[in-house]
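A quick note: this is a predicted structure, and the numbers were derived from the prediction, not measured.
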Amino acid sequence: MMASVQSSTERYYVGVDVGTASVRAALVTCDGQVKDMAEEPIHIWEPHPDHYVQSSSDIWTKCCSTVRKVTQGIENIKVKGIGFDATCSLVVLDHRFKPVAVNCDGVCERNVVMWMDHRAAEQAARITDTGHRVLRGVGGVMSPEMQPPKLLWLKENLKESCWKEAAHFFDLPDFLSWKATGSLARSLCTLVCKWTYSPPEGWDNTFWTSIGLEDLLENNYSKIGALTCNPGTAVGKGLTQEAAAEMGLLPGTAVAASLIDAHAGGLGVIGADVTGFHLPCEHQPLTSRLAMICGTSSCHMAISQDPIFVPGVWGPYRSAMVPALWLNEGGQSATGRLIDHMVRGHAAFPELKEKAERSEESVYSYLNKHLEAMAKDPANLDQLTTSLHVWPDFHGNRSPLADPTLKGMVREERICLTLLVVGLSLSQTLDDLALLYLATVQAIALGTRHILEAMKEAGHCITTLFLCGGLSKNALFVQMHANATGLPVVLPAEKEAVLVGAAILGACASFDYRSIPEAMEKMAKVGRVVKPNLEQDNFYRRKFRVFLRLFAHQRECVLLMQE
């Protein structure tokens, strides 16, 4: 650490996190304390089924306003760096850097194809069918959530109105660093994880040509990224005059090469000093840890010294999160969103909402207490769902099956009856809603176990989970993950670990820390450890077998319909 950091606590970094539905900013100290935070919603439009779009102008405006709020009252000279993270959405601009419409409605301001937009499922399947060598780095299957199929969809469906007008295709994190600095440098995090870029070789001409996007080769790939850098690298000359005025900061304030939001969450937790917490990862390398960032969707970030190829799991990606280490990224496309869908769509939700409001607590806090009352013995709460099982992939399976066509399923076992229901409510009472909620949370936890087992079989040795994100604030969600996987769960001291991760980038760009590992160790802190209830091990072994049979049932039904 440089002497300037040691001698003064009056140095701050700003972390900006652009999530699915909101922009958040935080003012963070050099030891990782969040001093202030602000949040503003951003618009989402759904012009067609499976089409989700946003506005880059709306997003940038909210970035600036949240930064102004958290730095209000702080001398500008004390804000030393800013780091951005964002969802891996696709931003389209023309040669004047003006927005280009990404739907046939022609509304130019709606120029962002969101990460969860699955319009390009057919294009993704065709890319997978090429069997190109770059697919080995994405688990062998191209996801519609990555950028190549989205680009191909735009070319095939909006050639005149979008494709021919477009001069710049940005991953949203790179758009933000460009907007702040004017630099077109792209972060290796985005290019490697979502665009098939592979350092040190770079872009693979044969891949883009084989899928019909050979026009992207022009001018050394200028439309998608000719200049690259590691996450945390200082970009350009810092904030431009215009961006500084919009944010209320000084021109030249250091701006870091950005990260995808899940990767920022990884930085915010995975490098914490665990001395004294009696964890199996103590005195072990970072490769024994898995960072799980759980919100609308969930990402599972595992790192390794050498490349490990895991079927159905993205990566390995070199230096995509921690420099010089390889990253494998598992994920679940719908977690928080799935829980909301199951709970709010149930017939008993109005009753739940009324009772929660009367108790002055959230619906999920109320549900957790309701389940404890139903169980009588909280230690055996898990077993309330002995006869109720959920397959959670309502928005496809990202890992380890890598099948975006999968849909959700509920299985209820009764005397002499097994009922399979897709898309329907099983019952009407608050007790039944609570059980469906519990079974959904357990299904998500079993999905994590499924990913962990695939990683373990490929060569990873993971002993401890590090959780952050909105769902990590739900005590039931955390405990079910510990119980279902049999691993201890570490929660960060700062609940907004993604924002701390973004601030770590800003700290590195300011040169107050020499490296990302050093900044992680100083700024990421352990808050609490949740240990698994090992008495539930046999229960989850059985439930995991049922979990896998649900998948088999679904595939059998699909094949039957195709006969």
Side-chain angles (χ1 to χ4, degrees), residues 294 298 332-348 364 367-368 370-371 374-375 379-401 403 405-454 471 474 476-486 532-533 535-558 560:
C294 37
S298 290
Q332 295 161 293
S333 294
T335 48
R337 191 168 174 229
L338 173 60
I339 294 170
D340 282 344
H341 172 77
M342 299 295 266
V343 170
R344 296 178 183 277
H346 196 279
Y364 294 111
L367 272 177
N368 293 350
H370 189 81
L371 284 167
M374 290 175 65
N380 293 321
L381 182 151
D382 310 58
Q383 300 190 38
L384 288 172
T385 59
T386 298
S387 301
L388 181 62
H389 314 283
V390 171
W391 180 262
D393 294 319
F394 282 50
H395 200 55
N397 181 283
R398 190 185 299 170
S399 308
L401 301 174
D403 187 344
T405 68
L406 289 180
K407 303 300 177 185
M409 182 184 295
V410 178
R411 170 181 172 131
E412 184 178 30
E413 299 168 353
R414 300 174 182 169
I415 299 174
C416 300
L417 173 66
T418 297
L419 176 65
L420 293 180
V421 183
V422 179
L424 297 176
S425 178
L426 291 173
S427 52
Q428 305 295 319
T429 70
L430 183 55
D431 280 1
D432 291 319
L433 168 54
L435 291 177
L436 186 60
Y437 160 66
L438 174 59
T440 302
V441 172
Q442 289 173 330
I444 293 169
L446 289 168
T448 293
R449 176 171 175 157
H450 200 192
I451 292 167
L452 282 168
E453 292 204 354
L471 286 175
N474 183 326
L476 180 83
F477 183 90
V478 174
Q479 189 65 61
M480 292 304 104
H481 272 75
N483 293 354
T485 63
N533 180 356
E535 292 182 4
Q536 300 299 326
D537 184 61
N538 287 333
F539 170 77
Y540 279 105
R541 286 179 185 273
R542 294 193 301 270
K543 202 166 183 70
F544 188 58
R545 289 198 296 269
V546 174
F547 178 86
L548 297 179
R549 286 186 65 190
L550 281 177
F551 167 68
H553 272 302
Q554 184 172 139
R555 302 315 296 160
E556 182 181 349
C557 291
V558 170
L560 183 64

[X] versus [Y], closest heavy-atom pair with distance:
X      : Y      : value
Phe547 : Val390 : CD1-O, 4.1 Å
Gln428 : Ala348 : O-CB, 3.2 Å
Cys294 : Phe477 : SG-CE2, 3.7 Å
Pro532 : Ala482 : CB-O, 3.1 Å
Leu381 : Ala375 : CA-CB, 3.7 Å

- [ ] May I ask you to decide if the ring planes of Phe544 and His450 are parallel, tilted or perpendicular, using 30° and 60° as cut-offs?
- [x]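 It falls in the perpendicular class, over 60°.
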If the test is side-chain contact (heavy atoms from CB on, under 4.5 Å), which one of His481, Lys543, His389 qualifies with Leu446?
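Among His481, Lys543, His389, the one meeting side-chain contact (heavy atoms from CB on, under 4.5 Å) with Leu446 is Lys543.
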* **Candidates Ile444, Asn474, Leu438, Thr448 - the one meeting side-chain contact (heavy atoms from CB on, under 4.5 Å) with Met480** =>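 Option passing the side-chain contact (heavy atoms from CB on, under 4.5 Å) with Met480: Leu438.
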How far does [atom1] of [X] sit from [atom2] of [Y], to the nearest 0.5 angstrom?
X      : Y      : atom1 : atom2 : result
His370 : Leu430 : NE2   : CG    : 4.0 Å
Tyr437 : Asn368 : OH    : CG    : 3.5 Å
Leu388 : Leu435 : CG    : CG    : 6.5 Å
Leu433 : Leu367 : CG    : CG    : 5.5 Å
Leu436 : Thr440 : CG    : OG1   : 4.5 Å

Short question: side chain of [X], backbone of [Y] - any donor-acceptor pair under 3.5 Å?
X      : Y      : value
Gln536 : Ala379 : yes
Asn483 : Asn533 : yes
Gln442 : Asp382 : yes
His346 : Met342 : no

| task | I would like to know whether Thr385 and Phe539 meet side chain to side chain contact (heavy atoms under 4.5 Å, CB included); could you show each step before the answer? | result | CA-CA 10 Å; Thr385 59; Phe539 170 77; 3.9 Å; yes
Original post:
Are more than 12 heavy atoms from other residues, nucleotides or ligands located less than 6.0 Å from atom CD of Glu535?
Top reply: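 At most 12 heavy atoms, drawn from other residues, nucleotides or ligands, come within 6.0 Å of this atom.
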- Query: With a 4.5 Å limit on heavy-atom distance, are the side chains of Tyr364 and Leu476 in contact?
  - Reply: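 Tyr364 vs Leu476: side chains apart.
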